[in-house]
Amino acid sequence: MADTLDELAYLTDAAGAQVVAKVTQRADRLTPTYVGKGKLLEVQDLVAQEKAETVIFDDELTPTQQRNLEAALQVKVIDRTALILDVFGRHARTHEGKLQVELAQHQYLLPRLVGQWSHLERLGGGIGTRGPGETQLETDRRLIRRHIQRIQAELDKVRERRSIYIGRRKKASVPMASLVGYTNAGKSTLFNALCNAGVEAENQLFSTLDPVTRRIRLPSGDELLLTDTVGFIQKLSPMVVAAFRATLEELAESDILLHVLDITHPKAPEQAEVVEETLGDLGLSHKPRLLVINKMDLLVDQDQERVALPPAGLQSYPSVPISAAKRWNLDLLLEEVETQLMEMDGPMIVLQSAAGD
């Protein structure tokens, strides 16, 4: 619980807000207000004491829970999914990325419209008692559904163009690799070190949202298409996963996945497990892997041998210890990528030099 709350705090910071207090509760079951009465009173006191404007919950709230909480706390209430979508919205740069986030935000909002117009509703029922609140609610629903349809139609066109582009890449017989890993593991730093791409690489969750692909040279002189992708995190709802469908399609087309692991993180094994579980949920467990053990420069010398071992569950994959920031062992990493590609079967691993030999 503490780990996910810490992540929630980082996400809040990435969204431009400040955390003033944290509250936890262990419960056997969730209530209509998500937390029990006593804990709700505690949160009410904290909101008043800290003059808080928003309360963020670490799980996805139902629309009813969210409405009940806002009524009780009299401040804005959001959940982990809404927060992640907000951060996505800040970091989306491409047209497709912005459309995808906007689509997810509207799909998230649609079932939560009830109660937005409660101040206009009338009591009672039957003919002549339909209040302007209900009328406005129905109008908003229609508008959002139409907007969702427009976004989906536009996304279909974008994906069609990208599908053509991916098809051309396949015909060129240039192998493809994608960087995957827990958010903030150093994927973009490694991508920049290998490609000189200038991709944003902040010490912040989800600093990269849109996939970026560059051509690089392998030690033999042959080419490789390398893609930097969005990082994974705990408690990703299907709606959030759908918001980076472009990344998922890049992963599906890749010949090998480079799983970048921040070996200095105290929860590195758990983070690696989250990544592997997410890849499994996406139907990508069959993809060949290379474990890239990153941030070796931050390890204390006497601890290097102990800490740099791959976590249990990943020891069956080939691994390379590196430092993306210090550019340590990057040549060794590319050599191992080339070795793994040469050992695979199929047309997509035929390496082609720049001269076409």
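Just so it is clear, the structure is predicted and the values come from calculations on it, not from any experiment.
Every residue two or more places apart in sequence or in another chain that forms a side-chain contact (heavy atoms from CB on, under 4.5 Å) with Asp79 is listed here: Glu60, Leu61, Thr81, Ala82, Tyr108, Arg112. Legend: residues meeting side-chain hydrogen bond (donor to acceptor under 3.5 Å, both in side chains) with Thr227, ordered by chain and number and at least two apart, are Thr213. Residues forming a side-chain contact (heavy atoms from CB on, under 4.5 Å) with Val158 (at least two apart in sequence, or on another chain): His95, Glu96, Leu99, Arg161. For Arg215, the side-chain hydrogen bond (donor to acceptor under 3.5 Å, both in side chains) criterion is met by Glu223, not counting sequence neighbours. Remark: Arg168 engages Ile164 in a side-chain contact (heavy atoms from CB on, under 4.5 Å) (not counting sequence neighbours). Residues satisfying the side-chain contact (heavy atoms from CB on, under 4.5 Å) test with Ala252, not counting sequence neighbours, are Leu284. The side-chain hydrogen bond (donor to acceptor under 3.5 Å, both in side chains) check on Thr278 picks up nothing, with sequence neighbours excluded. Qualifying ring-ring contact (aromatic ring centres under 6.0 Å, His included) partners for His265, counting only residues two or more places apart in sequence or in other chains: none.
Pro288 places none of its side-chain heavy atoms less than 4.5 Å from the side chain of Gln340. Side chains of Gln234 and Tyr182 form a contact here, defined as non-hydrogen atoms less than 4.5 Å apart. The shortest side-chain heavy-atom distance between Leu299 and Ile263 falls under the 4.5 Å cut-off. Within the 4.5 Å cutoff, no side-chain heavy atoms of Leu236 are placed close to those of Asp281. When side chains are defined from C-beta on, Ile56 does not count as touching Val19, because their heavy atoms never get closer than 4.5 Å.
From Met296, atom CE reaches atom CG of Asn329 across 8.0 Å, with rounding to the nearest 0.5 Å. Atom NZ in Lys187 sits 9.0 Å away from atom NE2 in His259 (nearest 0.5 Å). In this structure, CZ in Arg80 is found 5.0 Å from CD1 in Ile233, a value given to the nearest 0.5 Å. Once rounded to the nearest 0.5 Å, the distance linking CZ of Arg141 with CG of Leu110 reads 7.0 Å. Note: Asp331 CG to Leu194 CG = 9.5 Å, rounded to the nearest 0.5 Å. Between the CD1 atom in Ile293 and the CG atom in Leu261 there is a gap of 7.0 Å [rounded to 0.5 Å].
Looking at His147, its side chain never comes within 3.5 Å of a backbone N or O of Leu143 through a donor-acceptor pair. Looking at Ser323, its side chain does come within 3.5 Å of a backbone N or O of Lys326 through a donor-acceptor pair. Listed for the Glu253 side chain is no donor-acceptor partner under 3.5 Å among the backbone atoms of Met176. Using a distance-only test at 3.5 Å, with no hydrogens or angles considered, no donor-acceptor pair links the side chain of Glu102 to the main chain of Ile151. At least one donor-acceptor pair under 3.5 Å links the side chain of Asn294 to the backbone N or O of Ala185. With Gln65 contributing its side chain and Thr31 its backbone, the two residues share a donor-acceptor pair below 3.5 Å. Under a 3.5 Å cut-off, the side chain of Glu336 and the backbone N or O of Ser319 do not form any donor-acceptor pair.
Within the structure, salt bridge (charged side-chain N to carboxylate O under 4.0 Å, His left out) contacts touching residues 257-275 (residues at least two apart or in different chains) are Asp3-Lys267, Asp262-Lys295. Sorted by first and then second residue, the pairs that involve residues 29-65 and meet ring pair (Phe, Tyr, Trp, His ring centres under 6.0 Å), not counting sequence neighbours, are Tyr34-Phe57. Pairs passing the side chain to side chain donor-acceptor pair (under 3.5 Å) check and including a residue from residues 40-54, sequence neighbours excluded, read Lys39-Glu42. Sorted by first and then second residue, the salt bridge (charged side-chain N to carboxylate O under 4.0 Å, His left out) pairs involving residues 144-153 (not counting sequence neighbours) form an empty list.
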Fill in: Candidate pair Ile216 and Leu334, rule side chain to side chain contact (heavy atoms under 4.5 Å, CB included), full reasoning
CA-CA 10 Å; Ile216 64 173; Leu334 292 178; 3.8 Å; yes
Fill in: Full working for side chain to side chain contact (heavy atoms under 4.5 Å, CB included) between Leu40 and Leu73
CA-CA 8 Å; Leu40 186 59; Leu73 299 174; 3.9 Å; yes
Discussion item. Could you go through Lys287 and Leu251, starting from their C-alpha distance and side-chain angles, then the distance that decides it, and tell me whether this counts as side chain to side chain contact (heavy atoms under 4.5 Å, CB included)?
Written reply: CA-CA 9 Å; Lys287 287 288 180 182; Leu251 298 182; over 6 Å; no
Discussion item. The test is side chain to side chain contact (heavy atoms under 4.5 Å, CB included); show your working for Val320 and Val292 and say whether it passes.
Written reply: CA-CA 5 Å; Val320 179; Val292 184; 5.6 Å; no
Practice prompt. For salt bridge (Lys or Arg N to Asp or Glu O under 4.0 Å), just list the numbers for Lys235 and Glu7, CA-CA rounded to whole Å, side-chain angles, deciding distance to a tenth of an Å, and then say yes or no.
Written response: CA-CA 11 Å; Lys235 298 184 180 181; Glu7 282 185 352; over 6 Å; no
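Tested against Asp255 for a side chain to side chain contact (heavy atoms under 4.5 Å, CB included), the candidates Leu225, Leu341, Leu224 yield a single pass: Leu341.
One finds a salt bridge joining Lys22 and Asp6 here, because a Lys/Arg side-chain nitrogen approaches an Asp/Glu carboxylate oxygen to under 4.0 Å.
Nearest heavy atoms, Ala104 versus Leu85: CB-CD2, 3.6 Å. Asp297 and Trp328 get closest at one heavy-atom pair: CA-CZ3, 3.3 Å. Minimum interatomic distance between Arg67 and Pro111 (heavy atoms only, all atoms of both residues): NH1-O, 4.5 Å. What you find for Leu330 and Ala193 is that their closest heavy atoms are CD1-CB, 3.7 Å. Between Leu103 and Gln152, the shortest heavy-atom contact is CD1-CG, 3.8 Å. Minimum interatomic distance between Leu226 and Cys195 (heavy atoms only, all atoms of both residues): CD2-SG, 3.9 Å.
Placement of Leu46 and Leu41 in two distinct hydrophobic clusters is found when ILVMFWY residues are connected by side-chain heavy-atom separations under 4.5 Å, directly or transitively. Under the 4.5 Å side-chain contact rule for hydrophobic residues, Val20 and Val43 do not share a cluster. Criterion: ILVMFWY side-chain heavy atoms under 4.5 Å apart, direct or through other members. Under it, Val337 and Leu332 are part of a common hydrophobic cluster.
For the 3.5 Å distance criterion, the side chains of Thr229 and Glu250 fail to qualify, holding no donor opposite an acceptor.
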